[in-house]
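Remarks on the structure that follows.
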Amino acid sequence: MKTSRHAVILDDQKIVAFSLELLLKRECRIDMVQSFNRGNDLIQFLRAFGKEELLVFLDYYLQDENGLSILTEIKRINGAAKVIFLTGATAPAVLASMLQYRPDGLLSKSCELGEIQACLAAVKSRQTFICREFEYILSSNDKRAETFTPREIEVLQYFSNGYSVAETASKTFLSPHTVVTHRRKMMAKAGCQTIAQMLKYAHEHNLIRCAENI
């Protein structure tokens, strides 16, 4: 049976957003699909959309922010929204951080059409769906994957891009003391003694997008 649910996509890679939009319309039989490349544009749309249920396909790696902070804002604006991460992230630490925020679905960008359709069916039944690739990664991870908050990852991204504590505080509207606190907590989670070690850990575990890819 054809569904009339509305779907929106947030991915700063325009070709990915466009391809997913076509797939949802042609193969998943969703009539109304809109894509956005900037978080602010999506948030403005959601405020105008109201409290009706809709599907939100959300990437984790975004140009100026990460998907976790966007998910938090989506749920604040519209509690009926069903958020599905569709991401190329594969590191256990990243996947664990995403699951900590209870998305309705977790899909790899390399998943097949059948898994997207299965995810939509599960979400419709109010069940959380995790694709096979991510289930395998999470189940085969030997040690407990450390989780990081959206704010911690945001701060870490600024450090990775060469910003100082003061500059990061200005960019994030936090006090320098709070930025230092976030840094200390992240380093404790990762077992790092210096910020250089922390940044190495972040890149090895794909917690943040490399500066050259932004």
Side-chain angles (χ1 to χ4, degrees), residues 1-37 39 42 45-46 52-63 65-72 74-75 78-142 144-145 147-148 150 153 205-209 213:
M1 184 175 67
K2 195 168 186 176
T3 178
S4 61
R5 283 183 297 176
H6 199 130
V8 293
I9 302 161
L10 177 61
D11 195 309
D12 60 8
Q13 296 179 311
K14 294 183 179 180
I15 188 63
V16 174
F18 178 72
S19 299
L20 179 58
E21 183 176 337
L22 289 179
L23 185 148
L24 292 175
K25 288 177 179 177
R26 294 177 180 177
E27 304 295 337
C28 300
R29 309 181 74 184
I30 298 178
D31 287 331
M32 298 174 289
V33 184
Q34 293 174 261
S35 59
F36 301 91
N37 306 121
L42 172 64
F45 168 84
L46 291 175
E52 296 178 40
E53 183 174 310
L54 79 161
L55 296 165
V56 181
F57 288 86
L58 180 63
D59 196 5
Y60 173 82
Y61 295 118
L62 297 168
Q63 186 169 358
E65 55 209 328
N66 65 76
L68 297 179
S69 59
I70 296 293
L71 183 150
T72 302
I74 290 170
K75 290 296 187 180
N78 184 352
K82 303 298 182 183
V83 181
I84 300 167
F85 273 112
L86 181 68
T87 180
T90 58
V94 173
L95 298 178
S97 291
M98 284 189 275
L99 285 177
Q100 186 183 35
Y101 286 80
R102 298 184 178 181
D104 297 279
L106 195 57
L107 290 170
S108 167
K109 284 188 175 180
S110 63
C111 73
E112 297 181 356
L113 172 62
E115 286 200 284
I116 295 177
Q117 293 171 327
C119 179
L120 293 178
V123 170
K124 188 175 182 179
S125 301
R126 303 187 182 280
Q127 298 176 339
T128 301
F129 183 90
I130 303 176
C131 70
R132 290 188 296 272
E133 178 184 349
F134 289 162
E135 280 189 332
Y136 175 78
I137 291 172
L138 290 165
S139 64
S140 62
N141 190 39
D142 293 343
R144 177 182 172 275
T147 57
F148 296 81
I153 295 172
H205 291 80
N206 298 316
L207 287 173
I208 53 179
R209 180 182 287 188
N213 293 330

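Atom set for the values below is all heavy atoms of this structure, side chains included, hydrogens, waters and symmetry mates excluded.
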Set of side chain to side chain contact (heavy atoms under 4.5 Å, CB included) partners for [X], sequence neighbours left out:
{"X": "Ala121", "answer": "none"}
{"X": "Asp104", "answer": "Lys75, Lys82, Val83, Val123"}
{"X": "Ile15", "answer": "Ser19"}

- Query: Listed by chain and number, what are the salt bridge (Lys or Arg N to Asp or Glu O under 4.0 Å) partners of Lys109, not counting sequence neighbours?
  - Reply: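 Salt bridge (Lys or Arg N to Asp or Glu O under 4.0 Å) check on Lys109 returns Asp11, Asp59.
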
Is there a side-chain contact between [X] and [Y] (heavy atoms, below 4.5 Å)?
{"X": "Ile70", "Y": "Val56", "value": "no"}
{"X": "Phe85", "Y": "Leu68", "value": "yes"}
{"X": "Ile30", "Y": "Leu120", "value": "yes"}

Any residue meeting side chain to side chain donor-acceptor pair (under 3.5 Å) with [X], in chain and number order, not counting sequence neighbours:
{"X": "Ser110", "value": "Ser108, Glu133"}
{"X": "Glu115", "value": "none"}
{"X": "Glu112", "value": "none"}

- Query: Measuring from Thr87:OG1 to Leu95:CG, what's the distance to the nearest 0.5 Å?
  - Reply: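 These two atoms lie 8.0 Å from each other.
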
- Point-to-point distance, once rounded to the nearest 0.5 Å, from CD of Glu27 to CG of Leu23: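 So the gap between those two atoms works out to 6.0 Å.
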
- Qualifying residues under ring pair (Phe, Tyr, Trp, His ring centres under 6.0 Å), relative to Phe45, sequence neighbours excluded: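 So Phe45 forms a ring pair (Phe, Tyr, Trp, His ring centres under 6.0 Å) with His6, Phe36, Phe49.
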
- Item | Pairing residues for Tyr101 by the ring pair (Phe, Tyr, Trp, His ring centres under 6.0 Å) criterion, not counting sequence neighbours |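 With sequence neighbours excluded, Tyr101 shows a ring pair (Phe, Tyr, Trp, His ring centres under 6.0 Å) to no residue whatsoever.
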
- Message: I'd like to know if the side chain of Ser35 and the backbone of Phe18 have a donor-acceptor N/O pair within less than 3.5 Å.
- Response: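 Absent.
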
- Message: Tell me which pairs pass salt bridge (Lys or Arg N to Asp or Glu O under 4.0 Å) where either residue lies in residues 85-99, with sequence neighbours left out.
- Response: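 Listed once each, the pairs would be none.
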
- Task: Taking all heavy atoms of Leu113 and all of Cys28, pick out the closest pair and write down the distance.
- Result: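 Looking at all heavy atoms of both residues, the shortest contact is CD1-SG, 4.2 Å.
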
